[in-house]
Novice: 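This is the structure I have questions about; it appears just below.
Chain letters run A, B, ... following the sequence lines, proteins first and then strands; every chain starts at 1.
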Number of protein chains: 2
Amino acid sequence: MKNIPRKTVERALLYIRTLKRLIKAKRSHVSSKELAQITGLTDVQIRKDISSFGKVGTPRIGYKTVGLKNILEDFILQRNTVHVVLFGVGNLGSAILRYPEFQKDRIKIVAAFDKDEAKIGKKINGIPVFAIADAPGIIKKRRAVIGVIAVPREAAQDIADTLATSGLKGIINFAPTSINVPAGIPVRDIDFTIEFLSLYCGILRNHH
Amino acid sequence: MKNIPRKTVERALLYIRTLKRLIKAKRSHVSSKELAQITGLTDVQIRKDISSFGKVGTPRIGYKTVGLKNILEDFILQRNTVHVVLFGVGNLGSAILRYPEFQKDRIKIVAAFDKDEAKIGKKINGIPVFAIADAPGIIKKRRAVIGVIAVPREAAQDIADTLATSGLKGIINFAPTSINVPAGIPVRDIDFTIEFLSLYCGILRNHH
DNA sequence: GGATGTGAACGACTTCACAGCG
DNA sequence: CGCTGTGAAGTCGTTCACATCC
């Protein structure tokens with residue numbers, strides 16, 4: 001099988017989620033057109049995406065919901081559970097620790113870290129909070145793969161340095177700043193300010 | 001001036017943020033190369049982006065930090081403050097209400113809404129919480145432009161319908177589901193699960 | 001006939017190579 | 001020279017048109 005483009009992977013995760021819902025609703029088949037309606041994409045795009053995983057649909061009938069879900073999950077996620085650690089148990093960090101959708105999707109936050117003595121030793125939503133100095137050991141012991149940065153901007157780079165040397169394979173960065181990490185460790189920035197402002201710019205442009 | 005591509009706009013917001021920091025550090029000029037280092041982009045990309053706003057740099061010297069910041073802000077944001085309303089004062093919603101970076105960047109959350117009677121009438125970080133039924137009136141009175149959906153998945157579509165008929169011009173959707181809105185209202189999905197899993201997929205792929 | 005699957009055209013964005021200028 | 005600015009080439013992703021199959 002060829003290399004799947006990143007965008008296709010992202011949409012595939014969306015298809016998996018949609019298929020789960022359809023399966024729960026006892027639907028045995030679904031067409032690309034219906035998937036398009038639900039996801040807000042086009043039917044061609046969906047067929048193109050799915051075709052990268054092989055010929056799995058049947059003309060005139062569509063895709064088997066269960067079969068397609070399994071194919072996508074096997075190929076994309078390999079049925080693993082993703083172990084995650086989080087840095088920064090502030091407002092945003094706590095909200096992430098309590099985010100209810102992760103368990104359903106094989107994401108497990110296995111530890112949190114903060115510099116605040118008052119928080120260390122506590123549990124939030126069952127997840128223990130440790131001192132930052134303990135991070136490397138716990139990351140290895142709990143087989144964490146992804147690190148989440150939810151600390152204030154000023155502290156982000158320090159944390160990123162810690163992460164990079166602890167064996168984590170990827171970073172989600174909520175801090176509103178670019179962080180420097182060694183090549184080979186992918187970073188996903190989730191920057192609320194940028195999202196809000198760029199949406200606003202788009203609105204301004206459309207109204208001339 | 002031509003139409004600025006969306007990606008360029010997003011990066012321009014990043015440049016503005018970086019320039020502010022440089023200005024605070026009393027730097028009068030900066031080269032595309034240095035901006036590239038700080039932001040993690042390439043210098044060519046930065047010159048290309050900036051050139052869409054006119055010829056503002058001087059060869060051999062670089063860009064004037066203050067001048068460039070003003071040009072970008074004027075063109076992109078038009079020096080407005082963006083008024084935002086938020087739906088869903090749960091863990092994530094509360095964290096967004098308390099997010100400290102918004103004020104610095106001309107984003108102002110002017111009201112929040114929740115269906116929970118216990119929360120209505122309270123203030124969080126100075127932002128009042130109202131009943132959802134009050135949304136259309138308050139959105140108009142406070143000139144809100146963007147609505148944020150931070151409610152559970154099941155409630156997201158209902159809220160989206162409310163938003164669309166209240167005169168809001170754009171939506172930020174944190175709920176892990178696609179929402180249907182009338183054409184002409186742009187939606188930005190910020191989907192934690194998708195971000196985590198697609199990062200993980202990329203990691204899996206790179207390690208074969 | 002009505003759906004999937006796909007090479008080809010198209011479009012958007014990035015990178016390259018180099019012109020221009022202080 | 002060193003840095004900006006930019007047309008051209010290249011890359012990536014989407015859309016189209018149509019062949020294919022039950």
Side-chain angles (χ1 to χ4, degrees), chain A residues 1-15 18-19 22 27-65 67-69 71-72 75 186 194 198 201-202 205-206, chain B residues 1-15 18-19 22 27-65 67-69 71-72 75 183 186 194 198 201-202 205:
Chain A
M1 304 206 191
K2 5 171 202 261
N3 252 11
I4 315 286
R6 176 191 148 148
K7 294 267 188 162
T8 298
V9 170
E10 268 171 41
R11 286 190 298 265
L13 293 165
L14 234 142
Y15 305 153
T18 307
L19 288 164
L22 290 169
R27 293 283 306 278
S28 67
H29 292 79
V30 65
S31 69
S32 58
K33 195 169 233 171
E34 188 178 0
L35 277 175
Q37 255 174 270
I38 299 174
T39 57
L41 305 166
T42 71
D43 53 342
V44 190
Q45 175 106 78
I46 286 169
R47 287 201 299 278
K48 191 95 180 180
D49 284 340
I50 293 176
S51 77
S52 356
F53 301 96
K55 300 191 185 189
V56 296
T58 40
R60 175 95 177 136
I61 292 175
Y63 303 93
K64 289 206 275 188
T65 50
L68 180 55
K69 192 204 90 175
I71 287 169
L72 295 179
F75 192 86
I194 299 282
S198 78
C201 293
R205 183 114 9 86
N206 284 352
Chain B
M1 305 204 191
K2 6 176 198 260
N3 252 12
I4 316 287
R6 176 190 146 148
K7 296 264 190 161
T8 298
V9 171
E10 268 171 41
R11 285 188 299 266
L13 294 165
L14 234 140
Y15 305 152
T18 307
L19 288 165
L22 291 169
R27 292 284 304 280
S28 67
H29 292 78
V30 65
S31 69
S32 58
K33 196 169 230 169
E34 188 178 0
L35 278 175
Q37 254 175 269
I38 299 174
T39 57
L41 304 167
T42 71
D43 53 342
V44 190
Q45 175 106 78
I46 286 169
R47 286 200 299 279
K48 191 90 175 184
D49 283 342
I50 293 177
S51 76
S52 2
F53 301 96
K55 300 193 185 186
V56 297
T58 41
R60 176 91 179 139
I61 294 176
Y63 303 94
K64 289 205 277 188
T65 50
L68 180 54
K69 191 204 92 178
I71 286 169
L72 295 179
F75 192 87
I194 300 282
S198 78
C201 294
R205 184 112 11 88

Novice: Holding to salt bridge (charged side-chain N to carboxylate O under 4.0 Å, His left out), I want the full list of residues that pass it with R6(A), two or more places apart in sequence or in another chain.
Specialist: E10(A)
Novice: Expressed as a whole number of angstroms, how long is the span from D43(B):CG to dC18(C):P?
Specialist: 17 Å
Novice: If the condition is side-chain contact (heavy atoms from CB on, under 4.5 Å), which residues does P5(B) pass it with, not counting sequence neighbours?
Specialist: T8(B)
Novice: Could you tell me whether T8(A) contacts a base, only the sugar-phosphate backbone, or nothing, with contacts defined as non-hydrogen atoms closer than 4.0 Å?
Specialist: nothing
Novice: Figure out the OH/C1' separation between Y63(B) and dG22(C), and round it to whole Å.
Specialist: 15 Å
Novice: State which residues pass salt bridge (charged side-chain N to carboxylate O under 4.0 Å, His left out) with R60(B); sequence neighbours excluded, sorted by chain then number.
Specialist: none
Novice: Any side chain to side chain donor-acceptor pair (under 3.5 Å) pairs touching residues 38-48 of chain B, not counting sequence neighbours?
Specialist: S32(B)-R47(B)
Novice: If you look at every heavy atom in R205(B) and I4(A), which pair is closest and at what distance?
Specialist: NH1-O, 3.4 Å
Novice: Just to be sure I understand the geometry, which residues of residues 33-40 of chain A put a non-hydrogen atom under 4.0 Å away from DNA chain C?
Specialist: none
Novice: Output all residues satisfying side-chain contact (heavy atoms from CB on, under 4.5 Å) with K64(B), sequence neighbours left out; order by chain, then residue number.
Specialist: H29(B)
Novice: Find every protein N or O atom lying less than 3.5 Å from an N or O atom of nucleotides 17-22 of chain D, and list the pairs.
Specialist:
none

Novice: Calculate, to the nearest 0.5 Å, the distance between atoms CD1 and CG belonging to I194(B) and L13(A) respectively.
Specialist: 5.0 Å
Novice: To the nearest Å, give me how far apart CG (L41(A)) and P (dT14(D)) are.
Specialist: 9 Å
Novice: V56(B): what forms a side-chain contact (heavy atoms from CB on, under 4.5 Å) with it, not counting sequence neighbours?
Specialist: I50(B), Y63(B), L68(B), I71(B)
Novice: Please state how far atom CG in D49(B) lies from atom P in dT6(D), giving the value in whole angstrom units.
Specialist: 13 Å
Novice: Who pairs with S198(A) by side-chain hydrogen bond (donor to acceptor under 3.5 Å, both in side chains), at least two apart in sequence or on another chain?
Specialist: R188(B)
Novice: Could you measure the distance from the CD1 atom of I46(B) to the OH atom of Y15(B)? Nearest 0.5 Å is fine.
Specialist: 4.5 Å
Novice: Which salt bridge (Lys or Arg N to Asp or Glu O under 4.0 Å) pairs, counting each pair once, include a residue from residues 31-40 of chain A, with sequence neighbours left out?
Specialist: R27(A)-E34(A)
Novice: What nitrogen or oxygen pairs link the protein and nucleotides 7-13 of chain C at under 3.5 Å?
Specialist:
unit_1 : atom_1 : unit_2 : atom_2 : d
dG7(C) : N7     : K48(A) : NZ     : 3.4
dG7(C) : O6     : K48(A) : NZ     : 3.0
dA8(C) : N6     : K48(A) : NZ     : 3.4

Novice: Between dG13(D) atom C1' and I46(A) atom CD1, what is the distance in whole Å?
Specialist: 16 Å
Novice: Calculate the interatomic distance between N3(A) atom CG and dG13(D) atom P; express it in whole Å.
Specialist: 11 Å
Novice: Would you say dG20(C) has OP1 or OP2 under 4.0 Å from some side-chain N or O of K55(B)?
Specialist: no
Novice: Quickly work out the E10(A) CD to dT14(D) P distance and round it to whole Å.
Specialist: 10 Å
